[in-house]
Number of protein chains: 2
Amino acid sequence: MNLKDLSQKLGLSPTTVSRALNGYPEVNEETRAKVVTAAKKYNYKPNARAIRLATGRAMAVGHVIPIETRHEIVNPIFADFIAGAGENYAKAGYDLILSIVPDGDEARVYREMKSRGNVDGVIVHSPKHDDHRIQLLHELGLPFVVHGRATGAELPYSWVDVNNRRAFQRATEFLLDLGHRRIALVNGLEFMDFAIRRRDGYLGALHGRGIAADPALMHSIEMTEGLGYQIVRNLLALPEPPTALLLSSMIIALGARRAIVERGLTLGRDISVIIHDDDLSYMKNGEDVPIFTATRSSVREAGRIAAGMLLETIANPAPSCTNRLLEAELIIGQSTGPLPLRS
Amino acid sequence: MNLKDLSQKLGLSPTTVSRALNGYPEVNEETRAKVVTAAKKYNYKPNARAIRLATGRAMAVGHVIPIETRHEIVNPIFADFIAGAGENYAKAGYDLILSIVPDGDEARVYREMKSRGNVDGVIVHSPKHDDHRIQLLHELGLPFVVHGRATGAELPYSWVDVNNRRAFQRATEFLLDLGHRRIALVNGLEFMDFAIRRRDGYLGALHGRGIAADPALMHSIEMTEGLGYQIVRNLLALPEPPTALLLSSMIIALGARRAIVERGLTLGRDISVIIHDDDLSYMKNGEDVPIFTATRSSVREAGRIAAGMLLETIANPAPSCTNRLLEAELIIGQSTGPLPLRS
DNA sequence: TGAAGTTCCCAAAGCGGTTTGAGAAAGAGA
DNA sequence: TCTCTTTCTCAAACCGCTTTGGGAACTTCA
């Protein structure tokens with residue numbers, strides 16, 4: 001059942017039927033009612049392919065997700081981010097096109113999306129420091145919103161980000177207030193923009209109290225359970241081990257906990273841990289009582305916001321940019337405590 | 001730059017240019033070469049929207065991912081499954097359209113995909129026991145491949161699945177061989193098909209040794225860390241606690257480990273644990289040495305296979321069905337050991 | 001009564017490709 | 001030389017919708 005069939009059944013022209021269904025004012029309300037009920041009756045749904053060609057809009061947004069090449073790791077936060085974003089797309093009648101692309105091959109994909117015209121805009125995931133993709137998308141004229149920021153981009157652009165710097169500064173200060181002085185940082189890979197900001201927050205807090213950062217306590221890893229375990233095990237084996245850990249993700253924390261337990265230490269008593277919690281649906285930081293003290297910010301909410309911004313940009317391609325800086329809340333859990341007395 | 005422009009520059013008709021680029025035989029090789037180089041020079045990429053309308057193919061595959069409504073949980077295996085599937089789609093020039101839909105609302109989405117024609121086929125995720133979606137997709141005539149199976153569907157259909165029953169039977173037998181008799185099962189929700197099969201495998205192994213299943217040791221939960229923790233904590237607090245655990249996912253296992261450690265027990269010595277490991281990229285079961293003894297099967301590989309099957313079905317819509325049953329390997333890790341002597 | 005608006009609907013031209021059916025040019029066979 | 005193929009190219013139709021530019025019928029106003 002297509003527009004032509006339907007219009008014939010109604011004894012109207014395709015034009016009128018199309019206008020009636022799309023809410024144009026130049027059609028009699030009585031006629032419109034007839035058309036609408038007929039459309040429902042015959043279960044008429046306009047062909048998406050035809051609409052796209054006729055309107056020149058793809059009615060789709062692209063999410064280009066880089067996959068870490070060496071270990072082929074897909075960042076697990078994507079599932080929740082996309083779940084949030086998807087809600088908005090569905091409401092607006094947009095499709096979500098997912099493209100999982102090896103690290104460094106994204107430029108090609110963006111160019112192709114632009115020239116083939118199968119998306120109206122894209123969400124940029126996992127921005128690196130000084131990310132070249134922003135420049136490219138500007139040149140291509142493809143609307144986009146960045147999840148995160150890319151320090152160093154000279155042109156303005158739209159983004160949604162967590163205040164990573166402040167979150168890690170606060171977390172560090174919280175540990176300092178508890179008396180900790182040897183605080184280790186287990187960060188994500190520090191060519192990622194978020195990781196740089198977190199390190200800055202950590203260093204800022206230490207500096208504010210006149211404490212020198214110890215490079216032996218600062219690590220930058222891919223955020224997996226296994227690496228979290230290894231790094232923390234090494235840290236605990238140091239002659240002067242840290243008394244507190246600042247961990248960039250829940251998954252690192254799971255490995256860290258394994259290392260801590262293995263060494264016979266008790267979380268929150270022998271050693272304090274603060275994590276950053278993206279509030280992933282399948283990996284909650286405790287159901288009622290938080291397990292870890294954490295800086296929390298829902299990545300799903302970020303997805304919702306980013307999608308909303310992108311749809312807005314597509315609908316109204318003004319040259320202006322919107323930014324949204326989300327503050328992480330500091331959740332006090334059971335994994336932090338005062339500096340233990342020397343044993 | 002569109003087909004018309006390009007053909008004018010070449011002094012050829014759009015027909016010839018189109019045919020040259022699409023490899024039709026009725027065009028002179030010399031002409032074809034000219035066309036191809038010109039296309040490259042002017043960076044001509046055919047408009048995806050026009051191709052779709054003209055050919056009647058959407059050049060896209062839909063993944064409808066149900067979101068558990070109460071807790072809004074997105075199954076974390078999707079990220080890896082889709083990463084695997086995406087490789088195949090990219091090669092074939094297909095887009096991957098992701099649709100995250102509240103539990104139970106999938107039927108509407110499938111119908112809409114069919115009538116709007118924005119996909120050529122779909123992958124069915126998370127089949128339930130006697131899943132109605134299979135019947136629906138048959139009626140709609142939309143090509144599909146199921147990741148998993150749905151016991152009770154009367155018509156044949158294509159699927160890729162792990163041999164869940166055998167995996168859990170082997171795992172249970174392995175524990176029995178180690179002398180364990182009180183083996184607990186912490187399964188996924190048992191309206192999910194995979195969970196039913198796993199339970200059957202577990203029960204089959206017990207039955208094979210003449211051991212009665214104890215309902216107090218069998219649990220069915222949403223697979224989260226938090227619930228894994230709660231259930232295992234309760235199990236360990238029983239007057240006669242289990243000496244071994246069979247866990248349906250790595251994430252449950254993380255919670256289980258927390259409960260075990262909290263109780264002061266040592267994994268693999270005081271209590272044995274076997275998990276099912278989907279080999280998620282960000283949640284490996286140990287880098288070199290496996291942490292948990294596990295039945296392992298790569299969900300990413302399953303994604304690759306499912307995508308390949310679907311593309312095949314779309315290209316060649318024969319009435320036949322393909323099935324692929326993947327055997328999980330049993331990985332011996334450090335989390336299992338012989339039944340400890342009575343303390 | 002005639003002119004000027006309104007209101008409602010339609011024919012036709014698009015969007016940018018693919019595909020059909022046919023024709024011109026070149027080569028082969030008689 | 002003429003006819004029949006084969007080879008290559010093209011004009012035009014088509015995919016299913018939107019959108020432009022009228023135009024008929026009906027009001028309103030002078």
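Quantities reported herein were computed from a predicted structural model and do not represent experimental measurements. All chains are named by letter (A, B, ...) in the order of the sequence lines, taking the proteins before the strands, and each is independently numbered beginning at 1.
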**Report entry** Residues in contact with DNA chain D, drawn from residues 40-60 of chain A - heavy-atom cutoff 4.0 Å
**Finding:** A:Tyr44, A:Pro46, A:Asn47, A:Ala50, A:Ile51, A:Ala54, A:Thr55
Report task. Would you mind reporting whether B:Tyr110 and B:Lys114 have side-chain heavy atoms less than 4.5 Å apart? Result -> no
Query raised in the report: Is any side-chain nitrogen or oxygen of B:Thr16 closer than 4.0 Å to OP1 or OP2 of D:dT9?
Result: no
Query raised in the report: Is there side-chain contact between B:Thr31 and B:Leu12, with heavy atoms separated by less than 4.5 Å?
Result: yes
**Report entry** Partner of A:Trp159 under side-chain hydrogen bond (donor to acceptor under 3.5 Å, both in side chains), chosen from A:Thr322, A:Asp193, A:Asn323
**Finding:** A:Asn323
**Report entry** Whole-Å distance separating the CG atom of A:Leu10 from the P atom of C:dC9
**Finding:** 11 Å
**Report entry** Pairwise side-chain contact, B:Ile65 with B:Ile82, heavy-atom cut-off 4.5 Å (strictly under)
**Finding:** yes
Query - With B:Gln135, the side-chain hydrogen bond (donor to acceptor under 3.5 Å, both in side chains) member among B:Glu139, B:His132, B:Arg133 - result: B:Glu139
Query raised in the report: Would A:Asn2 and A:Asn47 count as having a side-chain donor-acceptor pair, cut-off 3.5 Å?
Result: no
Query raised in the report: With no hydrogens and no angle check, do the side chains of A:Ser18 and A:Thr15 hold a donor and an acceptor under 3.5 Å apart?
Result: no
Query raised in the report: Can you check the B:Leu3 CG to D:dA12 P distance for me, whole Å?
Result: 16 Å
Report summary line: note: B:Asn2, atom CG; C:dT18, atom C1'; distance rounded to Å ~ 14 Å
Between the protein and nucleotides 21-24 of chain D, are there any N/O to N/O pairs under 3.5 Å, and if so, what are the atom names and distances?
none

Query raised in the report: Within this structure, what is the NZ-to-P distance between B:Lys4 and C:dT18, rounded to whole angstrom?
Result: 15 Å
Report task. Flag the pair B:Asp130 / B:Lys128 as yes when at least one side-chain heavy-atom distance between them is below 4.5 Å, and no otherwise. Result -> no
Query raised in the report: Only one of A:Arg149, A:His147, A:Arg324 clears side-chain hydrogen bond (donor to acceptor under 3.5 Å, both in side chains) with A:Asp161; which?
Result: A:Arg149
Requested in this report: Could you check if a side-chain atom of A:Ile67 sits within less than 4.5 angstrom of a side-chain atom of A:Ile73, using non-hydrogen atoms only?
Outcome: no
Query raised in the report: Would the A:Phe78 and A:His63 ring centres measure less than 6.0 Å apart?
Result: no
Query raised in the report: Which of residues 22-35 of chain A have a heavy atom under 4.0 Å from DNA chain D?
Result: A:Asn22, A:Tyr24
Report task. Looking at every strand, decide which applies to A:Gly117 at a 4.0 Å heavy-atom threshold: base, sugar-phosphate, or nothing. Result -> nothing
**Report entry** Interatomic distance, A:Leu21 CG vs D:dT18 P [rounded to whole Å]
**Finding:** 8 Å
